[in-house]
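These notes concern the structure reproduced below.
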Amino acid sequence: MAAESGKKGMNIRRYRPGEEHRLFDVFHSAVHLIASRDYTPQQIQAWAPDDLDPELWVQKIRGIKPFVAELNGQLVGYADIQPDGYVDHFFVSGHHQSKGIGKLLMSALLGEAAALGLKEMTADVSRTAQPFFAKYGFCIVEQRLPEVRGVVVPNARMRKSLPD
């Protein structure tokens, strides 16, 4: 997929090896600055610990191969869609909320889903992100209580049917 432009200075493209640690900063800030409105400090620390094993993180990002959002050359968000339609990660930097970054990332995922001929998309969505996903036609199909590093961090399985 070619880079998509949104607002001036913003584009969406595929992740490049070597960007994993910059994406960790996006993830960490999204959880600590934004999701912290809906989760306890203990849940936030379990979900996005400061001392997350960097090698495990690198392996995760290389495995999901996300799209990244760049704003004037700075990575400000990322999201992936797997071949089965599962959205594993979808994060916008806590320092760059409400700038249309999530909208551009969702557009990239929807385009990829169409290119793959997928019938549906699914995601395990935080309380914080559920209204955003709902705006794009995702519906809650199950409330979940997954345990992360020994702490329950509630989320919801959400699903979106895609047109043929």
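For the atom pair CD of Glu70 and CE of Met10, the computed distance is 10.5 Å after rounding to the nearest 0.5 Å. One distance of note links CE of Met158 with CD of Gln130; it measures 5.5 Å at 0.5 Å rounding. Taken to the nearest 0.5 Å, the NE2 atom of His21 stands 10.5 Å off from the CD1 atom of Ile61.
Under the 4.5 Å side-chain contact rule for hydrophobic residues, Phe67 and Leu71 share a cluster. Cluster annotation: Leu116 and Met121 are assigned to the same hydrophobic cluster (Ile/Leu/Val/Met/Phe/Trp/Tyr, side-chain heavy-atom contacts under 4.5 Å, transitive). Residues Tyr86 and Leu109 do not share a hydrophobic cluster, defined by chaining ILVMFWY side chains whose heavy atoms lie under 4.5 Å apart.
Scanning all heavy atoms of the two residues, the minimum distance from Arg144 to Pro146 falls at C-CD, 3.3 Å. Taking all atoms of both residues into account, the shortest heavy-atom contact from Val68 to Leu105 is C-CD2, 4.3 Å. The two residues Arg22 and Gly73 make their nearest non-hydrogen contact at NH2-O, 3.4 Å. Heavy-atom minimum distance, Ile44 versus Val31: CD1-O, 3.5 Å. In terms of heavy-atom proximity, Ala108 sits nearest to Ile12 at CB-CG2, 3.7 Å. Annotation for Val92 and Ala30: closest pair O-CB, 3.2 Å, computed over non-hydrogen atoms.
Side-chain contact between Ile81 and Leu118 is present, with at least one heavy-atom pair separated by less than 4.5 Å. For the pair Thr128/Tyr39, a side-chain contact is recorded, criterion being any heavy-atom separation below 4.5 Å from C-beta on. The shortest side-chain heavy-atom distance between Thr122 and Asp84 does not fall under the 4.5 Å cut-off. Put simply, the side chain of Gln45 reaches to within 4.5 Å of the side chain of His32, judged on heavy atoms. Looking only at side-chain heavy atoms (C-beta outward), Glu19 and Tyr78 stay at 4.5 Å or farther from each other. Here the side chains of Gln74 and His96 are in contact, with some heavy-atom distance below 4.5 Å.
Pairs passing the salt bridge (Lys or Arg N to Asp or Glu O under 4.0 Å) check and including a residue from residues 23-48, sequence neighbours excluded, do not occur. Every pair tested for ring pair (Phe, Tyr, Trp, His ring centres under 6.0 Å) that includes a residue from residues 144-164 fails, sequence neighbours excluded, so the list is empty. For residues 106-135, the pairs satisfying ring pair (Phe, Tyr, Trp, His ring centres under 6.0 Å) are Phe90-Phe132, Phe90-Phe133, Phe132-Tyr136, Phe133-Phe138, with sequence neighbours left out.
For Arg157, the salt bridge (Lys or Arg N to Asp or Glu O under 4.0 Å) partners at least two apart in sequence or on another chain are Asp124. Listed by chain and residue number, Asp80 satisfy the side-chain hydrogen bond (donor to acceptor under 3.5 Å, both in side chains) test with Gln82 (two or more places apart in sequence, or in another chain). Taking the salt bridge (Lys or Arg N to Asp or Glu O under 4.0 Å) definition, one finds that Lys119 meets it with Asp164, sequence neighbours left out. Remark: Lys160 pairs with no residue by the side-chain hydrogen bond (donor to acceptor under 3.5 Å, both in side chains) rule, at least two apart or across chains. Listed by chain and residue number, Lys60 satisfy the side-chain hydrogen bond (donor to acceptor under 3.5 Å, both in side chains) test with Asp88 (two or more places apart in sequence, or in another chain). Here Tyr15 pairs with Glu20 under the side-chain hydrogen bond (donor to acceptor under 3.5 Å, both in side chains) rule; sequence neighbours left out.
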Steps toward side chain to side chain contact (heavy atoms under 4.5 Å, CB included) verdict (Ile140, Val125)
CA-CA 9 Å; Ile140 294 173; Val125 182; over 6 Å; no

Side-chain polar contacts of residues 46-54 - donor-acceptor pairs under 3.5 angstrom, sequence neighbours left out - could you list them?
unit_1	atom_1	unit_2	atom_2	d
Asp50	OD1	His28	NE2	2.6
Asp53	OD1	Glu55	N	2.8
Asp53	OD1	Leu56	N	3.4

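Hydrophobic cluster membership of Val152, counting Ile, Leu, Val, Met, Phe, Trp and Tyr whose side-chain heavy atoms lie under 4.5 Å apart directly or via other members: Leu145. Clustering of Ile, Leu, Val, Met, Phe, Trp and Tyr side chains at separations under 4.5 Å places Leu33 together with Ile34.
Ring geometry for Phe24 against Trp57 counts as perpendicular: the plane angle is over 60°, on a 0 to 90° scale with 30° as the lower cut. Ring pair Phe91/Phe27 is perpendicular by interplanar angle, where above 60° counts as perpendicular and below 30° as parallel.
Within 6.0 Å of CD in Glu120 there are more than 12 heavy atoms belonging to other residues, nucleotides or ligands.
Here the side chain of Gln97 pairs a donor or acceptor atom with the backbone of Ser93 at under 3.5 angstrom. Judged by distance alone, with hydrogens and angles left aside, the side-chain atoms of Arg14 form a donor-acceptor pair with the main-chain N or O of Lys65 at under 3.5 Å.
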